[in-house]
Amino acid sequence: MAERITPRAESYSDWYVDVVLGAELADYSPVKGTMVIRPRGYAIWERMQSALDSMFKETGHQNAYFPLLIPESFLKKEAEHVEGFAPECAVVTHGGGEELEEPLVIRPTSETIIWSMYKKWIQSYRDLPLLINQWANVLRWEKRTRLFLRTTEFLWQEGHTAHATAEEAQEETLRMLDVYRRFAEEYMAVPVLTGVKTEAEKFAGAINTYAIEAMMQDRRALQAGTSHFLGQNFAKAFDVTFQTAAGELDYVWATSWGVSTRLVGALIMAHSDDKGLVIPPRLAPTEVAIVPIFKNQTKAEVLAYADTLHQELKKQFRVVLDSDENNSPGWKFSQWEMYGVPIRIECGPKDMQSNQVVLVRRDTGEKEAVAVSAAPQRIGELLQDIQKALFDRALAFREANTRDIESYDELVAFFEADGGFARAAWSGSPEAEARIKTETKATIRVLPFGNEQEAEGKRCVVTGEPARHMAVFAKSY
RNA sequence: CGGGCUGUAGCGCAGUGGUUUAGCGUACCGGUCUGGGGGACCGGGGGUCGGCGGUUCAAAUCCGCCCAGCCCGACCA
């Protein structure tokens, strides 16, 4: 055992770190809370970017880039916003060997600098909607960091849109939330809950924050993406007005939405196992790894056999041939499992004689022999099967660990035991929410769409008052 | 930012005041054999003990500060 992975049952957080390091996704870098995203990790992020970027373009957005440095005064223009972000901002005070007249904040998010520019670009309703996205790095001085899940610097995309009406902006907010939901489910194979955040959990400066919320294998919730309806808060702070079709002057309506490299963490925690990483095929940088098995006498012909197969499969799949002669096949099997490649192909003398190969799926470990001629089609099917199986398994896990809770005692007991998602009636009072957080460590992750109707006739699990919401409680990352 | 644990070769560890050049496993390099689930043997290279400062005749070992990682807490889109 060269690289032992701590089993999940022994220590989930050690397991997570072992998988990240073992699969060579990332490594710690010298500054506290920062990490290097290594090629195997970055390749996953690139595939995420590519899929999301297409979805953004399909919904009418364009990419742009705004600067890293923001005048400190900008951040202070929106009261809630500054209150929310000031504590976690890094500030540049010196440049060129001199103290700056005005300190510059390294962006924790870009609303302020973007809206300062939107003021210049928007005059009339004909300039709207303005639909811009940027891919960027941001910096938040986090006290407690974890690889991919919460780091001081991280990569993300942030969409910032401007609209003529509240309705349009609301529509946009929900449209992008749905883009995130589709991405999570169809590409990441991670089922997510969607809904609105409570006042306590929303974005600093937003009217409403919507989120996709996923369950990890330790039953904790991970917020995987957010979409904010910003109302006219930033338009007012930056005085962004436009002339309506009717000739009136009005403030612009805004949204912002983002997902980050945290998604890589979500991917890892949703699917991986004690052998290492498991990547859903659609996001796997390598879909197939071919491991030839040979003896000295058979080396040449087996390698030729494997190479022919490699050339053929390359036309359709992202495939690598592991022709290294120093490591044993068994070692390679474990290695490719650690890396999370969805399908491994074993081919040796026996296979060669019967003109077949052995396919091994990463998610279940099942092996099957298939004729070489049938391999491409079978691999295509298997990749789809794996994609679906991962989603189904994650969904079943979430269902199995979601409980309808009727009483406060039951809620406390639930989170003292294994925990998971608890659906419970809530009065809407911040005090009740805070009490649950203090006593159980669980927070309201999301108020699912349509929850108000479900809450009718029910009583708050904490206060006994008439319930206004059915809330989903969970311990979270 | 508070409490706990940890930091010795790439990785995992032993050594916890003096025992001659700091050890073991593994990985790495060269070679021979091997090869269908993390191979075997032979021969090699690599660390100054997280960093800085102190105590001492003598420090990996004792003390202080700092840095980093993990866990718990506070905080947190």
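Every chain is numbered from 1 and lettered A, B, ... according to where its sequence line falls, protein lines coming before strand lines. These numbers come from the heavy atoms of this one structure, side chains and all, not from hydrogens, waters or symmetry mates.
At the heavy-atom level, Pro349(A) lies under 4.0 Å from base atoms of the strands shown. Counting any heavy atom pair closer than 4.0 Å across all strands shown, Val291(A) reaches no nucleic acid atom. Using a 4.0 Å heavy-atom cutoff across all strands shown, Trp156(A) reaches at least one base atom of the nucleic acid. Among the heavy atoms of the strands, none lies under 4.0 Å from Glu111(A). At the heavy-atom level, Asp14(A) lies under 4.0 Å from the strands shown only through sugar-phosphate atoms. Residue-level contact check: Lys367(A) touches the bases, meaning some heavy atom is under 4.0 Å from a base atom.
Aromatic pair Tyr305(A)/Phe294(A): centroids not less than 6.0 angstrom apart.
Each of C76(B), G38(B), C70(B) was ranked by its minimum atom distance to the side chain of Lys437(A); first place goes to C76(B).
Comment: Arg181(A) engages Asp178(A) in a salt bridge, judged by a side-chain N to carboxylate O separation of less than 4.0 angstrom. With respect to the salt-bridge test (charged N to carboxylate O, under 4.0 angstrom), the residues Lys197(A) and Glu213(A) qualify. Between Glu88(A) and Lys143(A), no side-chain nitrogen of the basic residue sits less than 4.0 Å from a carboxylate oxygen of the acidic one, so the salt-bridge criterion is not met.
Taking only side-chain nitrogens and oxygens, Tyr28(A) comes nearer than 4.0 Å to OP1 or OP2 of C70(B). For the OP1/OP2 pair of G38(B) and a distance below 4.0 Å, the side-chain nitrogens and oxygens of Ser334(A) include no atom meeting the criterion. Using a 4.0 Å cut-off, some side-chain N or O of Arg146(A) falls inside it from OP1 or OP2 of C71(B).
Here the separation of C28(B) from G73(B), taken at their P atoms, is 40 Å to the nearest Å. U34(B) and A40(B) have their C1' atoms separated by 8 Å, given to the nearest Å. Spacing between U48(B) and G7(B) at atom C1', rounded to whole Å, works out to 15 Å.
Under the Watson-Crick and G-U wobble criteria, each requiring two contacts below 3.5 Å, nucleotide G43(B) is paired to C29(B).
Nucleotide G37(B) holds its P atom 19 Å from the CH2 atom of Trp336(A), rounded to whole Å.
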